[in-house]
Each structure stands twice: as C-alpha cells, then as structure tokens.
Amino acid sequence: MKNNLFLYFTILFVTSTAFAQLTLTNGNHTLEISGSLSAYYNYRALKPGETERDKDRFKMRDAQLQLEGRIGNIWEYELQVDFADMSANNNNGTPDPENPGLMDAYVVYKGLGFMDIQAGYGKLYYSRNAMVPFAYSPYWQRADLTRGDIFSSRDVGITFIKTFWNQRINAYAGIYTGLGELSLNGDNDASGQPEYAGRVDFSYPSRFRYREIDDRITPIPMFSFGINGRYANKAIPDGEVMVPNSGGAYGLKVINGKRYVYGFDAAFQYMGFSGQFELHQIKGEPKLPTDPLLHNLTADQTGGYFLAGGYVAQVNYFAKKIKTVFSARYEELDLNDLVAGNSRRFSPAIAYQIDGFDAMIKFQYFNVLKEESIDPFKWQEQYRIGIQLNFK
C-alpha cells in the first residue's frame, strides 16, 4: 500500500512539473487526473483601536486533487477535494463556503439523449461569477455577494441540464437539500423540504465559456446574459443556528420560513477586454414575527418580509504582450433592508502569467468604502499576493 501511494504521488509530481493533466484509459473508460496548488501572504490595515493582527499571515489556499472520468458515451463523473481546506475546516468546525474541503462528487448520466442528469454534490448552476473556476480568475477571493455566504454555491441534489443551438443556450433546473455545504452533515432541516433552483443563459454569436478573462483576444464581440432563481421553505427550531454568519440568528442562506432568491448576470469580451455584471436579491418571509431577521419591527412596518442583496461590476483587460491581467471590481451589498445602510467595496487585481493560467502571480487589493453596522470589519484595507500553480 505504501509503495502504491508513493507511486501515485510521484506520478502527480511529474505531471505537475509538465503543466499537463495525466490521462489514463482502457479504451472505454478514461480518467483524467489534475489539481492545483496556491498560497498567498495577507496583510490588513486595521482600523484605529484594533490591535489583533492574526490575519497577517501566509496561507495555503488550495491543495486540490481532481479526478474526471468518462465511461463510454453514457457516464461522466468528477471527484475534487482540497486537502488544505479540509484540514482548515477540521480545525475550526465550520466549512468555508468558498473553499470547502470536498468541492465536487457527482455523476452525470448522458444516456437519455435529449438532456443530461447530474446527481451528487457540487456547484449549483446559479450565478455566473460563482460558476467561474477560481483558477481562471485574477482574484484571490470572489465578491462577498457570490462567494457563498449570502446564498450557497454547493449542495447535494439532482440537476437536469439541456443545451440548445450549439451550447449558445443552456438551461438548468435542480432540486437540492437546501443547506448548502452543511448538506454533507446528513439530515435536512425539520421541514424536510428541498430547495429548487434554475438558470437559463444565452450567448451570442457563439458559446461563451464561464470565464472572466478574454485570454484568446476574441476578434468578434461576444455577449452572454443569464437569469437565475431559487426557492426554499424551511423550518428551523427556535434558537437553532444552522448556518452561521451574515445577518441574524439564522443567517441568510437558510431561514425559518420562505426564501426567494433571484438574479441577473451579463458578460462581454472583445480583443482582450472583458466585463461582468451581476445583481441578486433575496426575499425572506420568516414564519415568526419575532424572527431576528425582522429586527423587532411589526408586520405593518415590514410587510412580513425583508429584502437583501446587491450587485457586482467588474472590468478586465488582458495585455498579452506582457502576459498580465488587469482587473477592477466594485460591489455593493445590503444584508437587510430593515436596517439602514449598506456595504461597498472596491477591489482591483493584477495577475502576471508565468505560464498562462497554469502558473500565475496574483495580487489583490481590498478597500472597504462603506460598511453596515450589522457586519462591521476590523480593517479598512487588505493586501494579498501569492502564486497559483495548476496541472490541468
């Protein structure tokens, strides 16, 4: 067994140095092995009066291993784990929604012909920004709106997938447990009800990949538009906190009552320039008038519901001659419309490509322009620089 493990890791090391995935096949069954490593140094400029500098540190962001397989023309599967995040989550007990230890574990059945069926655990087909693989982004962190704290980006369930017009139109509809990354813990909430989600996107004049950067220097302008929606009606026992963080005792990802989430996204690319825009809103209808998300307001004052959400706008330019990506992102987020104010951030990024997206040095700057009183930070500015290495 030890000799086999040594052989496997030796193969992975040799593959990574060649910046190429390892492919094994017996004719009918093909298995591709790939992965990534990334690490950065983080520095925060604290607010006056703050003294704890525990977030000024080196951090191993990713140590991923990905297995993708195809069996004939009928089955596909993917298993992807991140050992760095798995270790970190075991230490603090709470999975990072953007960087969970288990990233994908699903199968796809393609035997029906008229559509594909995906079952298992993985990314939901909701939000273009959340669907862009981290390896193809110049940023070290997604926008707060789409990184998994406001609405979950992964879950256990089944998804029906249909494409039209040479993948210019893609339609997704799914049923999931509705607890996000915590679905892996086992049981559903007390209601036993699932979450329903769907997405349709349209691209022109050809298929538009889920990417942020126009590294191919597209000679013809390309556009993509998408609409998303999801719904859940959950029951959480009084006092139980199922999902920590973000606005109230129950959080925003799972509430004690009905929760509607809907959004719109758009993207373009042309001659190295690209841009993305997303807008998402949550409407929550708690079952109890005393729910903390209603902030002790009466039904006359709230209408029995609250709203949350925001938008993200990003522009990018790929300077091919100097192998560098320049990007700037602005985001606004309102965790609850019943509380005055919202948060605003500006975040530029620069990524130098040593070897395309397979090897990059990435720098990201965070600037908190405004913040809400219900979710204050200890810092005003943050700097993050590091290296990313993929073997794909």
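Keep in mind that what you see is a predicted model, and the values were worked out from it rather than measured. Both backbone and side-chain heavy atoms feed into the values below; hydrogens, waters and symmetry mates do not.
Every residue two or more places apart in sequence or in another chain that forms a salt bridge (Lys or Arg N to Asp or Glu O under 4.0 Å) with D201 is listed here: R199. Taking the side-chain hydrogen bond (donor to acceptor under 3.5 Å, both in side chains) definition, one finds that T302 meets it with nothing, sequence neighbours left out. Taking Q269 as the reference, T218 meet the side-chain hydrogen bond (donor to acceptor under 3.5 Å, both in side chains) condition, with sequence neighbours excluded. For K378, the salt bridge (Lys or Arg N to Asp or Glu O under 4.0 Å) test picks out E52, with sequence neighbours left out. For Q193, there are no side-chain hydrogen bond (donor to acceptor under 3.5 Å, both in side chains) partners at least two apart in sequence or on another chain. Qualifying salt bridge (Lys or Arg N to Asp or Glu O under 4.0 Å) partners for E372, counting only residues two or more places apart in sequence or in other chains: none. Scanning for side chain to side chain contact (heavy atoms under 4.5 Å, CB included) contacts around F114 gives L112, K162, with sequence neighbours left out. In this structure, R44 has no salt bridge (Lys or Arg N to Asp or Glu O under 4.0 Å) partners at least two apart in sequence or on a different chain. Listed by chain and residue number, N342, R344 satisfy the side chain to side chain contact (heavy atoms under 4.5 Å, CB included) test with K370 (two or more places apart in sequence, or in another chain).
The structure places OH of Y196 at 9.5 Å from CG of N233, a figure rounded to the nearest 0.5 Å. The structure places OH of Y139 at 6.5 Å from CG of N316, a figure rounded to the nearest 0.5 Å.
Cluster membership check: L293 shares its hydrophobic cluster with L297, using side-chain heavy-atom separations under 4.5 Å among Ile, Leu, Val, Met, Phe, Trp and Tyr.
Side-chain contact check for Q281 and Y262: at least one donor-acceptor pair (N or O, by modelled atom type) lies under 3.5 Å. For the 3.5 Å distance criterion, the side chains of Q141 and Q364 fail to qualify, holding no donor opposite an acceptor. For the residue pair Q388 / S36, no side-chain donor-acceptor distance below 3.5 Å is found, with atom types taken as modelled. Judged purely by distance below 3.5 Å, without hydrogens or angles, the side chains of H280 and Y311 never pair a donor atom with an acceptor atom.
Between Y43 and R53, the closest side-chain pair of non-hydrogen atoms falls below 4.5 Å. Using a 4.5 Å heavy-atom threshold, the side chains of L307 and I282 count as separate. Using a 4.5 Å heavy-atom cutoff, the side chains of T146 and F151 are in contact. Taking 4.5 Å as the limit, some side-chain heavy atom of L79 sits within range of a side-chain heavy atom of L102. Contact of the N296 side chain with the L294 side chain is not registered, since no non-hydrogen atoms from C-beta on lie closer than 4.5 Å. In this structure, V81 and Q64 have side chains that are not in contact, with every pair of non-hydrogen atoms separated by 4.5 Å or more. Side chains of I322 and Y352 form no contact here, defined as non-hydrogen atoms less than 4.5 Å apart. In this structure, the side chains of R329 and V312 come closer than 4.5 Å at one or more pairs of heavy atoms.
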* To do: Carefully, step by step, assess Y383 and Y365 under the rule ring-ring contact (aromatic ring centres under 6.0 Å, His included).
  => CA-CA 5 Å; Y383 305 82; Y365 167 73; 5.1 Å; yes
Side chain to side chain contact (heavy atoms under 4.5 Å, CB included) between Y330 and L369, worked out = CA-CA 10 Å; Y330 176 80; L369 304 176; 3.8 Å; yes
Is there a side chain to side chain contact (heavy atoms under 4.5 Å, CB included) between R154 and M103 once you walk through the steps?
CA-CA 8 Å; R154 287 180 171 83; M103 303 181 67; 3.4 Å; yes
Q. Could you walk me through whether F225 and F202 pass the ring-ring contact (aromatic ring centres under 6.0 Å, His included) check?
A. CA-CA 5 Å; F225 303 92; F202 166 75; 7.2 Å; no
Item checked: From CA spacing to verdict: side chain to side chain contact (heavy atoms under 4.5 Å, CB included), W75, Y109 -> CA-CA 5 Å; W75 296 97; Y109 179 67; 3.7 Å; yes
**ring-ring contact (aromatic ring centres under 6.0 Å, His included) evaluation trace for Y204 with F223** = CA-CA 5 Å; Y204 187 81; F223 301 89; 8.3 Å; no
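L46 forms part of a hydrophobic cluster together with F366, V368, F377, W379, judged by ILVMFWY side-chain heavy-atom separations under 4.5 Å. Other residues sharing the hydrophobic cluster of F208, ordered by chain and number and joined by side-chain separations under 4.5 Å: M222.
Among residues at least two apart or in separate chains, salt bridge (Lys or Arg N to Asp or Glu O under 4.0 Å) pairs with a member in residues 254-264 are E195-R259.
Residue Y125 forms a ring-ring contact (aromatic ring centres under 6.0 Å, His included) with just one option from Y172, Y176, Y210, and that option is Y172. Evaluated for a side chain to side chain contact (heavy atoms under 4.5 Å, CB included) with N129, the options R147, Q276, E212 yield exactly one hit, E212.
The minimum heavy-atom distance linking S34 with E68 is given by the pair OG-OE1, 4.5 Å.
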